[in-house]
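Computation of the quantities below employed the complete heavy-atom set of this structure, encompassing side-chain atoms and omitting hydrogens, waters and symmetry-equivalent molecules. Throughout, residue positions are numbered sequentially from 1 according to the sequence presented.
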Amino acid sequence: MSNFEFFPTEDQKTNCNIYKFMKLYGISSLEELSQKANMDSEWFWEKVEKYVGIVWDKSYTKVLDLSKGFAFPTWFVDGKTNIYKSSVEKILKTNPNKVAYDFVSEDGVTSQLTYLELDKKVSKLANALKFLGVKRGDVVAIYLPMIEESILAILASAKIGAIQTIIFSGYSYESLQIRLQDCKAKILFVSDGFQRKGKAISQKNIIDKAIENTEIEKIIVVPYKGIDSYEISENVLSYPNLVSSQPEECITEIMNSEDPLFILYTSGTTGRPKGVVHVHGGFSVFAGHQSAFLIDTTKNDVILWPADIGWITGIVWNVYGLLIQGARAVIYDGALDFPNFNRIWDMLQNYKVNIFGISPTAVRLFKKNNIDPLESHQLQNLKNIPTTGEPLDEESWRWLFEKVGNKKIPIMNLSGGTEIGGAMLSVFPGMKLKPSTVGIPCPGINVDVVDDHGNSIREKDGFLVIKFPWPSMTRSLLNNDKKYLETYWSRFENVWFHGDYVFVDKDGLWYMKGRVDDVINVSGHRMSTAEIEHVAISHKKISDAAAIAVPDKITGEAIILFIVAEEKNEEKLDVEIIKFISEKIGKIAKPKFVFVISSLPKTRTGKIMRRLLKSKLLGFSLGDLSSLENPQVLDEVTKLDN
């Protein structure tokens with residue numbers, strides 16, 4: 001394993017939220033905090049909710065009730081709240097003129113909202129939704145790009161007790177339709193089109209097909225880039241016309257702690273999305289915990305994290321966690337490299353950003369193009385650089401550490417999931433770091449790594465599990481308790497099985513080794529695809545890689561590696577890479593075949609779809625490709641002859 005390469009200053013250790021929290025309760029280290037939280041979960045989460053300032057209309061009588069078992073906990077029993085009160089309304093009372101959001105579109109149009117302006121616009125929309133007959137518990141679907149109205153629709157739904165479901169604006173009609181049908185959405189927010197890399201993107205044809213056989217009653221059209229033309233009618237409404245006459249005040253609905261707040265869909269191994277359900281009480285506390293403790297958000301911080309609000313990352317750090325802490329966010333709707341590679345760094349500099357979130361896919365894009373932001377930009381305001389979405393290889397970690405952080409800023413690599421409600425593993429302020437580590441378990445989440453028999457292990461690859469419930473644990477899966485129990489609770493008794501393969505080193509630092517489904521077993525030797533891919537990417541001629549397993553009559557499984565070359569027309573690159581991996585890992589990791597393709601099939605969040613590579617290679621059905629950013633790349637993969 002690597003050695004430590006980042007050492008925090010004394011100020012970085014002590015001038016942070018989690019240190020101040022520990023000091024309040026006489027706790028001297030993160031390890032001690034985690035131990036105390038694991039021993040007394042109710043104590044920990046009660047103290048967290050008070051620290052982040054959750055507003056209760058009626059105090060809870062008990063922090064946790066496990067009478068229905070670990071899989072179905074009740075948090076903050078009998079408590080009444082609304083996440084809107086703990087976020088926008090709370091800040092409104094102390095700092096109404098503080099900027100909450102800056103919006104930047106790809107073509108350079110900008111706007112800004114203070115907390116007071118945000119509240120007024122949310123209230124007008126909330127009143128409009130009530131005028132349309134939207135009631136507490138109704139589902140409102142939001143199919144919008146990263147624009148002001150997206151945030152307003154999320155918050156207005158929460159304010160009146162409606163359940164929001166945010167659906168990534170790049171999804172095809174099949175993906176949209178499946179989600180609308182599953183959650184029985186009543187209202188659908190859409191735009192009149194947007195731009196990506198200067199190209200006009202229409203949504204209208206998608207929407208026209210997607211709403212068939214759904215329960216959508218009203219479509220609300222937000223004017224944005226004027227690409228689509230809608231005929232306004234009783235069922236198709238203009239957003240400006242709808243809200244213009246509504247009052248700027250709206251009473252916030254008082255919700256039970258366990259009332260649903262939002263439904264967010266996450267992909268399943270079969271391609272059928274799973275509806276994850278989060279609630280007002282538990283998610284309020286957890287979003288505050290994540291924002292305050294993991295990335296150290298304060299009311300003085302400006303965050304730029306280009307994570308779509310259709311993903312849990314965007315919901316936590318661009319919406320609820322951000323607003324609970326009273327911070328400010330720059331919301332960018334566009335490609336990070338358009339019109340050129342300066343776009344994102346210009347925004348970091350111009351808005352004096354303190355916390356910059358970035359995905360490993362984006363890091364590799366900049367690294368591949370030899371971008372050196374510090375040569376042309378002043379980024380001295382940065383204090384933390386979080387990253388998540390997939391395993392971060394060492395070379396990409398070093399690029400981020402050196403080229404963006406100037407070797408002075410911690411890379412806050414973290415890992416979690418939609419069903420977690422955020423991160424369960426994270427780097428924390430004040431930690432010394434090794435490349436690519438995801439830090440330690442988040443205090444309050446009792447994470448462990450175990451072998452096939454459920455025994456705790458260290459310094460060996462094993463399964464990531466969680467041994468006790470936490471407040472933002474998904475409340476089952478929408479309409480599917482059976483699938484929920486099978487997916488997360490069937491491997492070990494009363495233990496959450498997350499499906500990740502992990503490693504903990506001798507210094508207690510954690511590393512992601514890929515999904516359990518992405519573990520390859522060659523002659524009894526188990527290796528993660530992430531390990532093989534990271535070695536491949538470390539080769540100077542390779543910019544990206546994906547490893548899969550295929551059946552083999554001799555070894556049980558064989559390794560197949562897909563690579564993306566830095567330069568076109570590299571001769572005998574497959575032979576070179578096979579030799580390189582054999583030398584770096586050992587002959588047991590020698591790929592049977594290496595295929596060079598122009599890019600890897602990825603979802604719009606940057607997740608590599610290894611399942612599709614394997615299916616195409618073996619001649620199996622590919623299923624729904626609507627979530628892919630680049631489905632055409634699969635045409636470069638030919639069926640493997642037996």
*Any chance you could lay out the side-chain contact (heavy atoms from CB on, under 4.5 Å) test for Ile440 and Met431, step after step, and finish with the verdict?*
CA-CA 10 Å; Ile440 61 175; Met431 289 179 62; 3.9 Å; yes

*State, yes or no, whether a side-chain contact exists between Val404 and Ile385 at a heavy-atom distance under 4.5 Å.*
yes

*Does some side-chain heavy atom of Trp305 sit less than 4.5 Å from a side-chain heavy atom of Ile295?*
yes

*Is a donor on one side and an acceptor on the other found under 3.5 Å between the side chain of Thr165 and the backbone of Ile263?*
yes

*Do Thr266 and Pro273 have side chains that get closer than 4.5 Å, going by heavy atoms?*
no

_Between Asp452 and Arg491, is there a side-chain heavy-atom distance shorter than 4.5 Å?_
yes

*Heavy-atom pair with the smallest gap, counting every atom of Pro601 and Leu628*: C-CD2, 4.1 Å

*asked:* When you measure from the side chain of Lys616 to the backbone of Leu634, do you find a donor-acceptor pair of N or O atoms at a distance under 3.5 Å?
replied: yes

*Residues two or more places apart in sequence or in another chain: which of them pass ring-ring contact (aromatic ring centres under 6.0 Å, His included) with His278?*
Phe262, Phe283

*Main-chain N/O of Leu612 paired to Ser615 side chain as donor or acceptor, under 3.5 Å*: no

*asked:* Given Asp507, which partner from the list Lys432, Arg458, Lys434 fulfils the salt bridge (Lys or Arg N to Asp or Glu O under 4.0 Å) test?
replied: Lys434

*Where does the angle between the aromatic ring planes of Phe293 and His289 fall among parallel (under 30°), tilted (30 to 60°) and perpendicular (over 60°)?*
perpendicular

*Sequence neighbours excluded, which residues qualify as salt bridge (Lys or Arg N to Asp or Glu O under 4.0 Å) partners of Asp544?*
Arg364, Lys602

*Summary of ring pair (Phe, Tyr, Trp, His ring centres under 6.0 Å) pairs that have at least one residue in residues 540-560, sequence neighbours excluded*: none

*Got a sec: does the NZ of Lys403 have more than 12 other heavy atoms crowding it under 6.0 Å?*
no

*Closest contact, heavy atoms only, Ser472 versus Ile420*: OG-O, 2.6 Å

_Determine whether a donor-acceptor pair (N or O, by modelled atom type, separation under 3.5 Å) exists between the side chain of Ser396 and the backbone of Leu392._
no

*asked:* Using the ring-ring contact (aromatic ring centres under 6.0 Å, His included) criterion, which residues pair with Trp510? Sequence neighbours excluded.
replied: none

*Parallel, tilted or perpendicular, as decided by the 30° and 60° cut-offs, for the rings of Phe366 and Phe341*: perpendicular

*Salt-bridge test for Glu486 and Lys483: reply yes if a basic N is under 4.0 Å from a carboxylate O, no otherwise.*
no

*How far apart are the closest heavy atoms of Gln203 and Tyr143, and which atoms are they?*
NE2-CE2, 3.3 Å

*Verify whether one side chain among Asp182 and Tyr265 offers a donor that lies under 3.5 Å from an acceptor in the other.*
yes

*Minimal non-hydrogen separation, Ala307 against Asn318, with atom names*: O-ND2, 3.1 Å

*Under 3.5 Å, side chain of Lys590 to main-chain N/O of Ile581, donor-acceptor pair present?*
no

_Side chains of Thr529 and Ile548 in contact at under 4.5 Å (non-hydrogen atoms)_ = no

*With His498 via side chain to side chain donor-acceptor pair (under 3.5 Å) - residues at least two apart*: Trp496

*Got a donor-acceptor contact below 3.5 angstrom from the Gln195 side chain to the Ala200 backbone?*
no

*Please list all pairs passing the side chain to side chain donor-acceptor pair (under 3.5 Å) test where one or both residues lie in residues 410-424, with sequence neighbours left out.*
Glu419-Tyr488

*Do the side chain of Thr437 and the main chain of Leu433 share a donor and acceptor less than 3.5 angstrom apart?*
no

_Whether the side chain of Ser150 engages the backbone of Met146 through a donor-acceptor N/O pair (distance < 3.5 Å, no angle test) should be reported._
no

_Per the side chain to side chain donor-acceptor pair (under 3.5 Å) rule, what does the pair list look like for residues 338-347, sequence neighbours excluded?_
Tyr332-Arg343, Asp346-His377

*Contacts of Lys467 that satisfy salt bridge (Lys or Arg N to Asp or Glu O under 4.0 Å) - sequence neighbours left out*: Asp448

*Return the set of residues passing salt bridge (Lys or Arg N to Asp or Glu O under 4.0 Å) with Lys592 (not counting sequence neighbours), or none when no residue passes.*
Asp552

_Tell me whether Asn406 contacts the main-chain N or O of Glu402 through its side chain, where contact means a donor paired with an acceptor under 3.5 Å._
no

*Which residue pairs pass the salt bridge (charged side-chain N to carboxylate O under 4.0 Å, His left out) test when at least one of the two sits in residues 574-585, sequence neighbours left out?*
Lys541-Glu576

*Ser175: side chain to side chain donor-acceptor pair (under 3.5 Å) partners, not counting sequence neighbours*: Ser626

*Any idea which heavy atoms bring Thr313 and Thr388 closest together, and the distance?*
OG1-CG2, 3.7 Å

*Which ring pair (Phe, Tyr, Trp, His ring centres under 6.0 Å) pairs, counting each pair once, include a residue from residues 554-579, with sequence neighbours left out?*
Phe562-Phe595

*Please assess Asp333 against Val104 for the test side-chain contact (heavy atoms from CB on, under 4.5 Å), listing each intermediate value before the final yes or no.*
CA-CA 6 Å; Asp333 182 52; Val104 182; over 6 Å; no

*Examine distances only and state if a side-chain atom of Tyr484 and a backbone atom of Asn479 form a donor-acceptor pair shorter than 3.5 Å.*
no

*asked:* salt bridge (charged side-chain N to carboxylate O under 4.0 Å, His left out), that's the test. Do Glu566 and Lys367 meet it? Break it down for me.
replied: CA-CA 11 Å; Glu566 290 279 10; Lys367 179 170 71 76; 5.4 Å; no

_Run Lys209 and Gln177 through side-chain contact (heavy atoms from CB on, under 4.5 Å) and show every step you take._
CA-CA 8 Å; Lys209 288 196 285 185; Gln177 186 181 58; over 6 Å; no

*Minimum heavy-atom separation for Leu322 to Ile303, with atom names?*
CD1-CD1, 3.7 Å

_Check whether Tyr501 forms a cation-pi arrangement with Lys513 (NZ or CZ under 6.0 Å from the six-membered ring centre, at most 45° off the ring normal)._
no

